[in-house]
Structure formats: structure tokens, C-alpha cells
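Structure first, commentary second.
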Amino acid sequence: ALDIVQDFSLHRFAAFSWSQGIIPVWDPYFFGAVIGYLNSGFFYPFNLLTDFLQILTYQNLNHSYLLMQANLLFHFFLASFFMYLLVRRFVNSRIIALTSAIIFAYSGYMVKGFMHPAYLQGAVWLPLLFLFFYQSILERKNWLKFSILTGVVFAISLLAGQTQPAIYFLFLLVVLSSYAAYHFWQTKQEKAIKPFLSLLVVILVTFGLFAIQFFPTYEYKKYSARES
């Protein structure tokens, strides 16, 4: 359960830094001082909310721990809700959608999120990302809007602090784009290049939003033992 203990101390530090008007990019207390530690998830929206709420009751450790628990529990709801929306897009059955949502949200991978929060926070966005990207491929007028939304969701997932879910997401998007391009080429319904244009927009939006974490992490990596 090291990650959750680590996250607790990291976000206590983040809350203190924000309360002093300091952006918590440089942490002098962790691993002998680090800059832009990716796994911290300092810029992940729900972690930001939790950190700012901690400021109000910073002297009470129990409140901080309860806020962290609430953060994680809320992500199980998000996982259920997003999967429900995705399945309802394809199946006209609330029972099937609800069953799928429960299976996804309370699978072994998700439940271990209590020990490794960044994995849970990153993975819950998979159904919503797939749904938006699927819509970007289908839509003729609003494809750009859904491509941008997909990029926003992808960036949020990355900001949670783990790259593993993002690698799976990118693989999924490439496969879906390739299949859609082949299908359009065969049926002549759309230009075959359109899915790849959507994917390009997704990548650009994702990087643009993730840059706030990417560049400090890249700087840290140059001085890390893992660089070799």
C-alpha cells in the first residue's frame, strides 16, 4: 500500500504549497528533492480540488485522509457512469449498460486503485474517451468538437500521474482510426483520411494540456537514475 501513503504525503505538501501561493512543481522533501514528479498528479483536476479543500482544514490529518478517500470513491462512480454512457450508445438496454458499468468499475484493476490511486484515476476515463472519439469519426459537422473533447479527456487521464493507461488509450485510438479509415476507403462513405485527422487533433490537444506536467517531468528525467 506504498502508493497511497506516498500520495497522502505528496498532496499534503501540495496543499501547503498552494496555501503559500507556490505551484508545487519542486518538492524538496521527496526522494531528496524532485522536480515535476509525474506520479504526484498535482495538476489532475480532482486532485487539485482535494488539495485546495485540504487548505481549509490543513491542521486536521483526519480531514485530509477523508478527502483523499472521497476522491478515490468518487472515481468508482465516474467509472460506472462513463461505462454506462458508452454501453447505452450501442445497446438499448439499461440493464446491460448497468451490468457493464458495475463490472468495469469494480473489476480487479479498478479496485486496486485504493493502493495505487493514479492507476484508478487514469483508467476511469477510458469509456468516455472511446465514446468521444467514436463520435468524432461518425460526425460530419461536429467531428472537430468531439476530437477536441477526446484530447481533453486524454490529457486529464495523463495528468492523473500514470502513463500505463495512456499507452493503452493511444493503442486503442490508433486501432480504431485504422479500422475506420479502412472502412471508409472500402465503402466511400467518408474520406479515409478523416479518422487520422481526428487522431492528430486529439494528440495535439492532449499534448497542449499535458505540457504543464510534461516539461517539468522531462527536466527531472534528465537528472534521474532511470535516465540510463
Side-chain angles (χ1 to χ4, degrees), residues 3-4 6-7 10-11 14 18 23-27 30 34-52 68 71-72 74-79 81-83 85-86 104-105 107 109-110 112-136 144-177 196 198-222 224 226-227:
D3 281 11
I4 194 168
Q6 170 184 294
D7 278 25
L10 284 170
H11 289 286
W18 288 118
I23 300 175
V25 173
W26 169 259
D27 186 344
F30 191 66
V34 296
I35 181 173
Y37 185 57
L38 175 63
N39 294 59
S40 66
F42 286 152
F43 299 107
Y44 180 69
F46 290 102
N47 288 345
L48 278 173
L49 176 61
T50 303
D51 294 343
F52 279 115
M68 186 172 181
N71 184 341
L72 295 178
F74 182 66
H75 279 78
F76 286 101
F77 165 75
L78 288 179
F81 181 63
F82 293 155
M83 181 56 76
L85 291 179
L86 176 62
F104 174 71
S107 63
Y109 186 90
M110 292 298 189
K112 79 170 185 179
F114 263 104
M115 292 190 296
H116 308 285
Y119 287 94
L120 168 66
Q121 293 170 326
V124 298
W125 301 94
L126 172 61
L128 192 63
L129 178 135
F130 185 92
L131 178 60
F132 283 157
F133 192 67
Y134 181 77
Q135 288 299 124
S136 76
L144 182 59
K145 179 183 77 173
F146 282 104
S147 298
I148 293 173
L149 287 173
T150 306
V152 171
V153 171
F154 203 165
I156 291 173
S157 173
L158 272 169
L159 288 170
Q162 282 291 345
T163 56
Q164 287 91 333
I167 293 171
Y168 303 146
F169 292 178
L170 183 59
F171 177 77
L172 173 66
L173 296 182
V174 170
V175 170
L176 185 57
S177 299
F196 295 115
S198 295
L199 181 60
L200 178 60
V201 172
V202 170
I203 292 172
L204 291 175
V205 172
T206 300
F207 183 77
L209 294 176
F210 182 60
I212 191 174
Q213 178 68 67
F214 174 81
F215 287 109
T217 300
Y218 179 75
E219 187 68 21
Y220 167 59
K221 182 178 178 293
K222 292 191 295 184
S224 169
R226 294 184 178 182
E227 175 66 12

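Note: hydrogens, waters and symmetry copies are ignored here, and every other heavy atom, side chains too, is used. Since the structure is predicted, the reported quantities are computational estimates derived from the model, not experimental observations.
Between Ser136 and Ser147 the shortest heavy-atom distance is CB-OG, 3.5 Å.
Between the side chain of Asn47 and the backbone N or O of Gly41, at least one donor-acceptor pair lies under 3.5 Å. Listed for the Thr206 side chain is a donor-acceptor partner under 3.5 Å among the backbone atoms of Gly151.
Few gaps surround CD1 on Ile148; more than 12 heavy atoms of other groups in view lie less than 6.0 Å from it. The number of heavy-atom neighbours closer than 6.0 Å to CD1 of Ile23, taken from other residues, nucleotides and ligands shown, is 12 or below. Within 6.0 Å of the CZ atom in Phe76, the count of heavy atoms belonging to other residues, nucleotides or ligands exceeds 12.
The CH2 atom of Trp18 sits 5.0 Å away from the CZ atom of Phe52 when rounded to the nearest 0.5 Å. One finds the CD1 atom of Ile156 at 10.5 Å from the CG atom of Leu129 (value rounded to the nearest 0.5 Å). Within the model, atoms OG of Ser198 and CZ of Phe146 stand 11.5 Å from one another, a figure rounded to the nearest 0.5 Å. Taken to the nearest 0.5 Å, the CZ atom of Phe104 stands 4.5 Å off from the CE atom of Met83. With rounding to the nearest 0.5 angstrom, the CG atom of Leu170 is 7.0 Å from the CG atom of Leu199. Here Leu173 contributes atom CG and Ile203 contributes atom CD1; the two are 8.0 Å apart, rounded to the nearest 0.5 Å.
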**OP:** Show your reasoning for whether side-chain contact (heavy atoms from CB on, under 4.5 Å) applies to Leu128 and Phe132.
**Re:** CA-CA 6 Å; Leu128 192 63; Phe132 283 157; 3.6 Å; yes
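In this structure, the ring pair (Phe, Tyr, Trp, His ring centres under 6.0 Å) partners of Phe74, at least two apart in sequence or on a different chain, are Phe46, Phe77. Listed by chain and number, the residues in a side chain to side chain donor-acceptor pair (under 3.5 Å) with Thr150 amount to none (sequence neighbours excluded).
Every pair passing side-chain hydrogen bond (donor to acceptor under 3.5 Å, both in side chains) that includes a residue from residues 125-134 is listed here, sequence neighbours excluded: Tyr44-Trp125.
Looking at Phe130 and Leu176, their side chains come closer than 4.5 Å, going by heavy atoms from C-beta outward.
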